[in-house]
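Written out below as structure tokens is the structure these notes cover.
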Amino acid sequence: MADLGPVLKKAGLSMTAEEYIARRDSVSTLVSSGLWQTYLAVGSMQKGDYIIVNEAKAADVDEWVAYEKKAWQPIAEQLVKEGLTRGWFVNVMQLPQRGSENRINGVTVDVYPSWDALNKSMIDPEFVTRWQKIHPDMEIGTTFEHYDKLRNNLTANLFRVDDMISAK
């Protein structure tokens, strides 16, 4: 909690860490807490970006991550190269390790540099062509069928990155 004081001051808040925590707790309820690890990363994320966090529940996390790496990472790399997205990440829950009790155990994060880029991605006329160029050996329908067996895609949540903390 001692580290929180300087952060609050830097953020322009004139309250102590104790006051901040008391205020936070009076207006919110912590639903869950977890420790996540990034397994795959393409590109970056910046203040002002829009992100879609896709929650997933995978029966075999390692198999799901391997398939994300094989099928989606090359697509994500191309989208970043073309400037259509800024980044893509695969994160896996490390704690708590309750196995099947966890509602989700993985997320993918799609990062868009603007609202326009996000909207354009929803109607990408080049998607199939791009897929065939990158994966000439992977038929798109069969690939999606296999992908759907690896995980349940539970929700997709849209956020705008108003602020962030990152390592220098």
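Quick note: numbers below take in every heavy atom, side chains included, and nothing from hydrogens, waters or symmetry partners.
- Residues Y39 and W36 are members of separate hydrophobic clusters, defined by side-chain heavy-atom contacts under 4.5 angstrom among Ile, Leu, Val, Met, Phe, Trp and Tyr.
- Under the side chain to side chain contact (heavy atoms under 4.5 Å, CB included) rule, V42 has a single partner from T85, V80, I75, V111, which is V80.
- Transitive grouping of hydrophobic side chains (ILVMFWY, heavy atoms separated by less than 4.5 Å) keeps V107 and V61 in distinct clusters.
- Cluster membership for F89 and I51, using ILVMFWY side-chain heavy atoms within less than 4.5 angstrom, is shared.
- Closest heavy-atom contact between Y67 and T143: OH-CG2, 3.3 Å.
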Full working for side-chain contact (heavy atoms from CB on, under 4.5 Å) between V90 and K69: CA-CA 9 Å; V90 173; K69 183 176 181 66; over 6 Å; no
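- Closest heavy-atom contact between W64 and A56: CZ2-CB, 4.3 Å.
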Audit row: E82, E126, side-chain contact (heavy atoms from CB on, under 4.5 Å) steps and yes/no: CA-CA 12 Å; E82 292 177 29; E126 300 298 318; 6.0 Å; no
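- Put simply, the side chain of K120 does not reach to within 4.5 Å of the side chain of L84, judged on heavy atoms.
- In plain terms, the two heavy atoms of S14 and E19 that are nearest each other are O-OE1, 4.5 Å.
- M93 contributes atom CE, which lies 9.0 Å from atom CZ of R103 (distance to the nearest 0.5 angstrom).
- Checked by atom type and distance alone, the side chain of N152 never pairs as donor or acceptor with a backbone atom of K57 at under 3.5 Å.
- Y50 OH to L158 CG: the interatomic distance, rounded to the nearest 0.5 Å, is 8.0 Å.
- For the atom pair L150 CG and E145 CD, the distance stands at 12.5 Å (nearest 0.5 Å).
- When all heavy atoms of H135 and A71 are compared, the pair lying nearest together is NE2-O, 2.8 Å.
- Across all non-hydrogen atoms, the minimal contact from M164 to V161 is SD-CG1, 4.0 Å.
- Y147 is connected to L40 through a chain of hydrophobic side-chain contacts under 4.5 Å among Ile, Leu, Val, Met, Phe, Trp and Tyr, so both are in one cluster.
- Here F144 and W72 bring their ring centres to under 6.0 angstrom of each other.
- Remark: D60 CG to N105 CG distance equals 10.0 Å, nearest 0.5 Å.
- Residue I134 comes nearest to Q78 through the heavy atom pair CD1-CB, 3.6 Å, listed as atom of the first residue, atom of the second, then distance.
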Verdict with supporting geometry, L118 and M122, side-chain contact (heavy atoms from CB on, under 4.5 Å): CA-CA 7 Å; L118 171 66; M122 300 299 154; 3.5 Å; yes
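- The number of heavy atoms from other shown groups lying within 6.0 Å of CZ (R160) is above 12.
- No single ILVMFWY cluster, assembled from side-chain heavy atoms under 4.5 Å apart, contains both L79 and I52.
- Annotation for L95: atom CG counts as buried by contact number, over 12 foreign heavy atoms lying within 6.0 Å.
- At a cut-off of 3.5 Å, with distance as the only test, a side-chain donor of N54 or D110 sits close to an acceptor on the other residue.
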